[in-house]
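Hydrogens, waters and symmetry mates play no part in the numbers below; they use all other heavy atoms, side chains included.
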Amino acid sequence: MAIQTCAFKWDKYGDMYEVPDDSGKKLVFKYMAQPSTGPVAGSMYHTAIGSQAFEPNTGRYYWEYATAQDNFKIGVALADVPLDHEMGYTSKTWAIYIQTGECEHNRQERLKPEGVQRRLWRLVVPISGGRFGCLLDTKNGTLQLFFNGEYQGMAFDESSGIKGKTVYAAVGIAGVEDNNRAIGFGKKYAQIIDNAVAPKISSVEKKVIC
C-alpha cells in the first residue's frame, strides 16, 4: 500500500506551548523556570497533538517535523490524552525519547525499564535537532522513525497497543531555565513540514534495524 504524506496543524496543547501564527504549523515551547534543584518530575515533555485523526486500517501515513533541539519526544497519542502529563508516561501516549532512543508507553519512572518497549540504539541526534519523520501503519499498528531522511528503526511494533486505535501525531518538548536562555527564548519548537517526501526503506534495513 502506498504511503500517504500528510501535513496537519497543531490542535491541542497545554499552557507550556503556544502556536504563534495562523498557519498552526509551529509549536513553540514557552519559557518555564524550574527550581535550582532541577526539573520537577512530570513538569516537562507535556503532550501536544495534531489535528489529523489516523483511524485503524486506513493505510500508511508519513509526516515530518523540524526542530531546533534534542530534548524532544515524538510519537502518537489518543484524542483524550491528558495535556498536563509527560508524554510516554500515560497509557494514552507512545513516545520516542530522542535523547535516549527509549520508546515509552505508560512508563512510570525515569531510569527504570518498566514502560520502555525497546530502544533505538542507532539513533544519535545533535543538540541542534534536525528533521524527524514518523511512518505510521494503521493496519498493523506500528510506528517507525526517521531522522534527516535516514531510517532509525521500528519504534513500536504490532504488540505496542497502537493497533486498532485512532491516534494523532504528538510531541513533547522540554526546556529548563538555563537551557532555554542559552538557546534563546521561544526557540525550542516543533514545526510541521509541508510536502514531506515519503521515505524508502531497503529490505536490508528492515532486517537489521530493530
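- Taking a cutoff of 4.0 Å between a charged side-chain nitrogen and a carboxylate oxygen, D80 and K92 qualify as a salt bridge.
- A distance-only check finds no donor-acceptor pair linking the side chain of R60 to the backbone of L135 [under 3.5 Å].
- Aromatic pair W10/Y65: centroids less than 6.0 angstrom apart.
- Under the 4.5 Å side-chain criterion, counting only non-hydrogen atoms from C-beta, S160 is not in contact with L143.
- Minimum heavy-atom separation, E158 to N140: CG-O, 3.3 Å.
- The hydrophobic clustering, which links ILVMFWY residues whose side-chain heavy atoms are closer than 4.5 Å, places F29 and L83 apart.
- Between the side chain of W94 and the backbone N or O of F156 there is no donor-acceptor pair closer than 3.5 Å.
- Between the side chain of T166 and the backbone N or O of E55, no donor-acceptor pair lies under 3.5 Å.
- The residues E86 and R107 are annotated as not salt-bridged, no charged nitrogen and carboxylate oxygen being separated by less than 4.0 angstrom.
- Of the candidates R118, Q117, K73, K73 is the only one forming a side chain to side chain donor-acceptor pair (under 3.5 Å) with E104.
- The shortest distance between side-chain heavy atoms of V124 and F147 does not fall below 4.5 Å.
- Looking at every heavy atom in both residues, M87 comes nearest to G172 through SD-N, 3.6 Å.
- Between the side chain of Q108 and the backbone N or O of N106, at least one donor-acceptor pair lies under 3.5 Å.
- Pairing each heavy atom of A169 with each of F54, the nearest pair is N-CE1, 3.8 Å.
- With ring centers used as reference points, Y89 lies 6.0 Å or more from Y45.
- I49 and V28 fall into different hydrophobic clusters, where Ile, Leu, Val, Met, Phe, Trp and Tyr side chains are chained together by heavy-atom contacts under 4.5 Å.
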Evaluation steps, side-chain contact (heavy atoms from CB on, under 4.5 Å), between L136 and T138
CA-CA 6 Å; L136 174 68; T138 62; 3.9 Å; yes
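- Minimum heavy-atom separation, T5 to V197: CG2-C, 4.3 Å.
- Remark: side-chain polar atoms of N148 are paired, donor with acceptor, to backbone N or O of R131 under 3.5 angstrom.
- The main-chain N or O of K25 is found under 3.5 Å from a side-chain atom of S23 such that the two form a donor-acceptor pair.
- Nearest heavy-atom pair across H105 and T93 is ND1-O, 2.8 Å.
- Annotation: F8 is not in aromatic contact with Y168 [ring centroid separation under 6.0 Å not met].
- K30 and D15 get closest at one heavy-atom pair: CE-O, 2.7 Å.
- Checked by atom type and distance alone, the side chain of N71 pairs as donor or acceptor with a backbone atom of A174 at under 3.5 Å.
- Formation of a donor-acceptor pair under 3.5 Å by the Y17 side chain with backbone atoms of I173 is found in this model.
- Applying the 6.0 Å contact sphere to CG of N195 captures no more than 12 heavy atoms from other residues, nucleotides or ligands.
- Checking side-chain atoms of S51 against main-chain N and O of K9 turns up a donor-acceptor pair under 3.5 Å.
- Q152 places a side-chain N or O within donor-acceptor distance of the main-chain N or O of E150, the cut-off being under 3.5 Å.
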